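Computed from a prediction, not measured in an experiment: that's the story for all the values here.
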Amino acid sequence: MKVRLSLADPLSIECPLLALPVFGGDNGLTAEAERADDLLDGAFARARHAGDFRGKAEEDLLFYAPEGEERPHRILFVGLGDRSALSAEDVRVAVAQAVRRAESLRLTRLAVHLPADLGVDAAEATKAAAEGGVLAAWDFRELKSEGDARLEAGSSADAGDPKPPVEELTLAAAGDPATLGQALRTGRAFAEGECLARRLQWRPANIATPSHLAEIAADLAGEYGFTSRILGPGELEAEGMRAILAVSAGSDEEPRLIVLEHRGGPEDGPLIALVGKGLTFDAGGISIKPALGMEDMKYDMSGGAAVLGAMRAIGELAPAVNVIGVIPSSENLLSGRATKPGDIIRTRAGKTVEVVNTDAEGRLILADALSYVVDRYSPEAVVDCATLTGACVIALGHHASAVLGNDETLVTELREAGDRAWQRCWPLPLWKPYRKQLDCPAADLKNVGGRPAGTITAALFLSEFVGKTRWAHLDIAGTAYGDPVAPYQRKGGFGTPTRLLLEWVWHRAG
Ligand code: BES
Ligand code: MN
Ligand code: ZN
């Protein structure tokens, strides 16, 4: 979607739809909303008086403006919620709401007013508005074969009722155009990165294979000048990455370890690493999962998708930091060659692991990736994200990822980044006593520590492979996909935590 900035009076913008945000409460109208109501002969005031519009978040009301030159054809009042507690997320949601309303009206263009007195910094609001707009407009259409033909037919009663994509969003704001323009570009790039993550998530496992993710990474490298390094089975073997190979043993698709490198900081300056689980389909292996809902395990590469999405935005905006994106990618299937429960493997780091359950495969591929990253790149900090445990969904549901790490400051940075992106994460304790659950008579450790505290023991497993490097882990099993919890999401992959990672990288860039 195109996003433009306009400093003009929003009521003078000729467009099919203008959205005007309105705060909750009695004095919630902005000057522009008052003037729009005058244009409508007080129809909106009457609606408010009747109690039909209170200005709550995700509330809207549509009016048709009288005909005239240089004015919007439709006016949509959009609720913002309580003025005193307004956040960037309220702006994201309001703009998304307007985009979705335009979509359901089959309009491909709209304008949204960003009031000056939002109580949120104007640049922050502009960035959030661009994010909300781009994310709300995004849809996955590439595998709908007759979609275009049905759109042209124009009937709204046909199966699936396809809507044309919203293509153009004008943000009507007031302030310094250079500052607001920069904020708009940042928000748009963050959101477009997240849309790449979504696209990869939504692609089914017969398309989004490990080698497909590697091709996408190579394309990003070509486009943005990243150094890329892609390891296949031979290189993985040479590197001693037997854990990744053990997970992919039951599969005909080859595994990959993908590394993308952005050098925006000083040549020998510190480097940070983003690592994402890229398990393109998790059947559980010999410890096979139940059939019900197994199709969702195409989303088990969501962490890797978010890292690729973040790298796209990093390429687009070129921040002054050194950052690598690393994705271990494999399938987890069953065959006569598959790893069996009880098998003992030697990881790249040299530690031996008894694979008591082949469905705990994410920690295995991440173990090799993490040890590779800390040994080869000596990063100042490593953040990994992974759909790692069902236990995390039980603990935190769908509104927070879990964050665990060996460095309090890093955990705090990630919590703050998550708050800014509204991709929130909440800490669980990475305490030593839990480590006993991974003790193993025959090997250095086993890959599962039983049912209690499953998210914590999974993170403790990972911690064994980062040495003394500052590291934190995000368990995104409950937050990466599912039923939408915001109007800028659709049922499916959300692209999270792409923007959390980006907020963190930007905080580091200063
Ligand atoms: N990919 C799953 C975790 C998962 C579960 C993600 C549900 C999203 C929704 C992971 O590989 C897995 O299977 N974990 C097991 C670990 C268990 C065997 C210790 C789990 O959580 O059941
Ligand atoms: Mn699994
Ligand atoms: Zn998995």
> Closest approach of His262 and Ala318, non-hydrogen atoms and distance?
Replying inline: CE1-CA, 3.8 Å
>> For Gln201 and Ser302, which I'm curious about, is there any donor-acceptor pair between the side chains at under 3.5 Å?
In response: yes
> Does the side chain of Val275 come within less than 4.5 Å of Val307's, by heavy atoms?
Replying inline: no
> Minimum heavy-atom separation for Val403 to Arg415, with atom names?
Replying inline: CG1-CG, 4.1 Å
> Are Asp384 and Lys277 within salt-bridge range, i.e. N to O under 4.0 Å?
Replying inline: no
> Which heavy atom in Gln437 sits nearest to a heavy atom in Lys446, and how many Å separate them?
Replying inline: O-CE, 3.4 Å
> Does Arg229 come within less than 4.0 Å of Glu235, counting only side-chain N to carboxylate O?
Replying inline: no
> What's the verdict on side-chain contact (heavy atoms from CB on, under 4.5 Å) for Arg198 and Thr498, showing C-alpha distance, side-chain angles and the deciding distance?
Replying inline: CA-CA 10 Å; Arg198 287 178 176 182; Thr498 302; over 6 Å; no
>> Between Arg4 and Glu168 (salt bridge meaning N to carboxylate O under 4.0 Å), is one present in this structure?
In response: yes
> So, are Arg424 and Glu89 salt-bridged, with charged N and O less than 4.0 Å apart?
Replying inline: no
>> Would you call the rings of Trp431 and Tyr434 parallel, tilted or perpendicular, taking 30° and 60° as the class edges?
In response: parallel
>> Taking Glu215 first and then Arg203, would you say they form a salt bridge - that is, a charged N and a carboxylate O separated by under 4.0 Å?
In response: no
> Between Thr339 and Thr358, is any side-chain donor less than 3.5 angstrom from a side-chain acceptor?
Replying inline: no
>> Under the side-chain hydrogen bond (donor to acceptor under 3.5 Å, both in side chains) test against Glu194, which residue among Arg199, Arg312, Arg499 passes?
In response: Arg499
> Is the closest basic N to carboxylate O distance between Arg348 and Asp375 below 4.0 Å?
Replying inline: yes
>> Do the side chains of Glu464 and Arg435 get close enough for a salt bridge, i.e. N-O under 4.0 angstrom?
In response: yes
>> Distance alone, cut at 3.5 Å: any donor-acceptor contact between the side chains of Ser463 and Asn406?
In response: no
